[in-house]
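The structure's right below; bear with me while I get my questions together.
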Amino acid sequence: MEVRPPLSEAELLARADAIAGRTLAFLATRLDRDVPPDLTRHKGWVGNLVEDALGAWARTRPEPDFPRLGIELKTLPIDAAGKPRESTFVCKAALADVGGSTWATSTVAKKLRRVLWVPVEADKATPLAERRVGTPLLWSPSADQEAILEADFEELAQLIEEGWVASVTAHRGRYLQLRPKGASAASRARGIDEHGAPIATPPRGFYLRRTFTAALLAERFVVARR
DNA sequence: TTTTGATCATCC
DNA sequence: GGATGATCAAAA
């Protein structure tokens with residue numbers, strides 16, 4: 001079965017609500033696909049399953065999953081306490097030709113402008129097939145959140161632009177961090193050194209720390225009480 | 001236990 | 001090779 005793209009935000013949210021509480025086996029059966037024994041060799045399986053269950057557009061393009069709606073879909077693996085188990089990949093970082101990059105025009109800002117977070121149980125003790133989808137959260141950064149994301153981005157982008165990418169570690173950044181994002185440690189991307197000369201360096205990506213995504217989920221309940 | 005750095009599948 | 005989707009696993 002193939003799910004057609006949702007025509008509106010309301011339709012997308014209705015679908016996300018409809019799969020809340022369902023198991024991954026249920027979604028897989030409906031989409032006529034098998035549940036792998038574990039995620040070791042299928043790390044993107046859950047994300048792809050939820051995308052297809054909600055009718056996300058064709059993948060492999062640097063656009064939001066629902067370009068017409070301007071919404072990015074992210075599954076969030078959560079533990080028994082409902083807290084994220086992992087950080088969240090946002091996008092690749094440009095390491096060359098980065099002159100004049102700004103937060104406002106950055107891919108990071110575009111990706112995070114509007115995100116549909118779909119929590120998915122990820123307790124190791126629960127078989128993949130039995131894990132359930134959680135209550136979705138359509139989110140946009142608050143002014144305070146965006147100010148910090150922007151500061152993180154500007155700091156990291158400036159380091160890249162000035163040629164210090166090779167010495168930037170994942171310790172930098174309050175909400176956003178820069179980490180390797182490649183096929184292996186041997187992967188290389190083009191970057192620039194402190195003299196502006198081309199260098200080959202591991203490709204990097206921007207990630208959201210899990211403390212940040214945990215705060216987003218926690219905030220939902222505060223809002224819901226009002 | 002948590003976080004950083006490394007890795008896996010698929011598609012074009 | 002580089003984009004998408006992420007989680008694994010060694011280190012701290």
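A note on names: the letters A, B, ... follow the listed sequences, proteins ahead of strands, and every chain is numbered from 1. Excluded from the calculations below are hydrogen atoms, water molecules and symmetry mates; all remaining heavy atoms, backbone and side chain alike, are included.
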Pairwise side-chain contact, L39(A) with L128(A), heavy-atom cut-off 4.5 Å (strictly under):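 Answer yes - side chains close enough.
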Distance, rounded to the nearest Å, where L76(A) contributes CG and dG5(C) contributes P: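 Between P of dG5(C) and CG of L76(A): 14 Å.
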5' precedence on DNA chain B between R209(A) and K181(A) (nearest-nucleotide basis): R209(A)
Beyond-backbone contact of F212(A) with I148(A), side-chain heavy atoms, under 4.5 angstrom: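 F212(A) vs I148(A): side chains apart.
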I19(A) side chain reached by F26(A) side chain, heavy atoms, under 4.5 Å: no
End axis versus end axis in the helix from dT1(B)-dA12(C) to dC12(B)-dG1(C), the angle rounded to 10°, five pairs used at each terminus: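 Inter-axis angle at the termini of the helix from dT1(B)-dA12(C) to dC12(B)-dG1(C): 30°.
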Sugar-phosphate only, base, or nothing, as touched by P77(A) at under 4.0 Å among non-hydrogen atoms: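 Here P77(A) touches the backbone only, sparing every base.
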CG on L31(A) to CG on L24(A), rounded to 0.5 Å: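 Reported to 0.5 Å precision, the distance equals 11.0 Å.
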Atom of L95(A), atom of P203(A) and distance for their closest heavy-atom approach: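 Minimum heavy-atom contact is CD1-CA, 4.4 Å.
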Candidate pair K74(A) and K111(A), rule side-chain contact (heavy atoms from CB on, under 4.5 Å), full reasoning: CA-CA 10 Å; K74(A) 290 291 183 191; K111(A) 285 266 185 182; 5.6 Å; no
Donor-acceptor pairs are to be reported for all side-chain atoms of residues 150-157 of chain A against protein atoms at under 3.5 Å, with residues two or more places apart or in another chain.
unit_1  : atom_1 : unit_2  : atom_2 : d
D152(A) : OD1    : R174(A) : N      : 3.0
D152(A) : OD2    : R174(A) : N      : 3.1
D152(A) : OD2    : Y175(A) : N      : 2.6
D152(A) : OD2    : L176(A) : N      : 3.0
E154(A) : OE2    : W103(A) : N      : 3.2
E155(A) : OE2    : R172(A) : NH1    : 2.6

Contacting residues from residues 156-173 of chain A, given that a heavy atom lies under 4.0 angstrom of DNA chain B: T169(A), A170(A), H171(A)
Integer-rounded Å distance: dA6(B) P and L178(A) CG: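 Computing the L178(A):CG to dA6(B):P distance gives 13 Å.
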Phosphate-side-chain proximity, K124(A) and dC8(C), N/O vs OP1/OP2 below 4.0 Å: yes
Flag for R209(A)-S87(A): side-chain donor and acceptor within less than 3.5 Å: no
Interface with DNA chain B, restricted to residues 36-45 of chain A and to heavy atoms under 4.0 Å: T40(A), R41(A), K43(A)
Length of the NZ-C1' vector between K110(A) and dT4(C), whole Å: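 Computing the K110(A):NZ to dT4(C):C1' distance gives 18 Å.
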Residues within residues 82-96 of chain A bordering DNA chain B, heavy-atom distance below 4.0 Å: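 Those residues: none at all.
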Atom CZ of R22(A): over 12 foreign heavy atoms under 6.0 Å: no
Separation between NZ of K43(A) and CD of E86(A), rounded to the nearest 0.5 Å: 9.0 Å
Distance, nearest 0.5 Å, that separates CG of D17(A) from OG1 of T135(A):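 Here the rounded value is 7.5 Å.
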Sugar-phosphate only, base, or nothing, as touched by S187(A) at under 4.0 Å among non-hydrogen atoms: nothing
Side-chain heavy-atom pair W139(A), R220(A) within 4.5 angstrom cut-off: no
Length of the CG-P vector between L49(A) and dT10(B), whole Å: 15 Å
Spacing of E51(A) atom CD relative to dC11(B) atom C1', expressed in whole Å: 12 Å
K110(A): partners by salt bridge (charged side-chain N to carboxylate O under 4.0 Å, His left out), with sequence neighbours left out: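 Residues passing salt bridge (charged side-chain N to carboxylate O under 4.0 Å, His left out) with K110(A): none at all.
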Separation of atom CD in E121(A) from atom P in dA6(C), rounded to whole Å: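 E121(A) atom CD is separated from dA6(C) atom P by 17 Å.
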Whole-Å gap separating P (dT7(C)) and CG (L208(A)): 13 Å
Atom-to-atom span, CZ of R204(A) to P of dG2(C) - whole angstrom: 14 Å
Q177(A) vs dT3(B): side-chain N/O to OP1/OP2 distance below 4.0 Å: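 Answer is no, no contact under 4.0 Å.
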Sub-4.5 Å side-chain heavy-atom contact between L149(A) and L208(A):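 Side-chain contact under 4.5 Å: yes.
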